[in-house]
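Before any comments, here is the structure.
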Amino acid sequence: MSDYKSDFFDNLIYYRTQKGLSQLELSGICECGKSTISGIEARKHFPSFELILKIAYALEIHPADLFLRGASKQREEVRAFFEKDIMSLVETRFPR
């Protein structure tokens, strides 16, 4: 199995559980059957592009987060860097 598919399946389960959604709840938001979500999580099926977008929207994540290991964590680290380090640099350079 392709690495991106394996990451997708793992990330789907991770983000769904982080969001506190059951497979049934996620399927309701995505307007698909519970068997569709359970089949995807069981690695029996790979979703269509449209369903990937619905899943990402339901989980309140960027679709790329479903394919990239740790993408959200990396974004959080970058955001924290800008909020803390860059802002302190700006305040030092341009005091009020």
Side-chain angles (χ1 to χ4, degrees):
M1 180 179 312
S2 301
D3 284 342
Y4 78 90
K5 284 187 177 182
S6 180
D7 286 348
F8 176 88
F9 296 128
D10 293 342
N11 290 339
L12 171 57
I13 294 167
Y14 171 78
Y15 286 115
R16 181 181 60 75
T17 56
Q18 286 293 106
K19 188 76 176 158
L21 295 173
S22 68
Q23 290 179 344
L24 181 61
E25 291 168 324
L26 180 59
S27 68
I29 297 168
C30 294
E31 300 174 335
C32 66
K34 179 186 177 290
S35 61
T36 300
I37 299 298
S38 64
I40 293 168
E41 289 190 2
R43 301 171 186 246
K44 294 180 181 177
H45 311 288
F46 197 78
S48 66
F49 181 72
E50 181 180 349
L51 186 52
I52 291 169
L53 294 178
K54 287 181 178 183
I55 290 169
Y57 177 80
L59 299 175
E60 299 177 343
I61 60 173
H62 191 281
D65 290 335
L66 291 167
F67 293 93
L68 301 172
R69 186 69 78 188
S72 287
K73 183 174 172 75
Q74 291 169 356
R75 264 203 299 265
E76 290 171 11
E77 290 170 356
V78 169
R79 186 176 297 119
F81 170 77
F82 279 109
E83 289 175 354
K84 179 183 168 209
D85 298 337
I86 297 297
M87 290 309 295
S88 66
L89 178 64
V90 169
E91 289 171 0
T92 302
R93 177 96 170 146
F94 304 102
R96 294 179 191 189

Taking only distance into account, with no hydrogens and no angle test, what donor-acceptor pairs under 3.5 Å do side-chain atoms of residues 48-59 form with protein atoms, sequence neighbours excluded?
residue : atom : partner : partner atom : Å
Ser48   : OG   : Leu51   : N            : 3.1

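Ring geometry for Phe46 versus Tyr4: interplanar angle over 60°, hence perpendicular rather than tilted (30 to 60°).
The structure places CD of Gln23 at 11.5 Å from SG of Cys30, a figure rounded to the nearest 0.5 Å. Atom CD1 of Ile61 and atom CG of Asn11 lie 7.5 Å apart (nearest 0.5 Å). Taking CG of Asp10 as the reference point, atom CG of Asp3 lies at 10.5 Å (rounded to 0.5 Å). With rounding to the nearest 0.5 Å, the separation of CZ in Arg16 from CD in Glu25 is 9.0 Å. In this structure, CZ on Arg43 lies 6.5 Å from CD1 on Ile13, to the nearest 0.5 angstrom.
Taking 4.5 Å as the limit, every side-chain heavy atom of His45 sits out of range of all side-chain heavy atoms of Ile37. Using a 4.5 Å cut-off on side-chain heavy atoms (C-beta onward), Phe8 and Leu66 make contact. In this structure, the side chains of Ser38 and Lys44 stay at 4.5 Å or more apart for every pair of heavy atoms.
Proximity of a side-chain donor or acceptor of Ser27 to a complementary backbone N or O of Leu24 within less than 3.5 Å is detected.
Taking each heavy atom of Asp65 and Tyr15 in turn, the nearest pair found is O-CE1, 3.5 Å.
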(request) Test side-chain contact (heavy atoms from CB on, under 4.5 Å) on Leu12 and Glu41 and set out the steps. (result) CA-CA 7 Å; Leu12 171 57; Glu41 289 190 2; 3.8 Å; yes
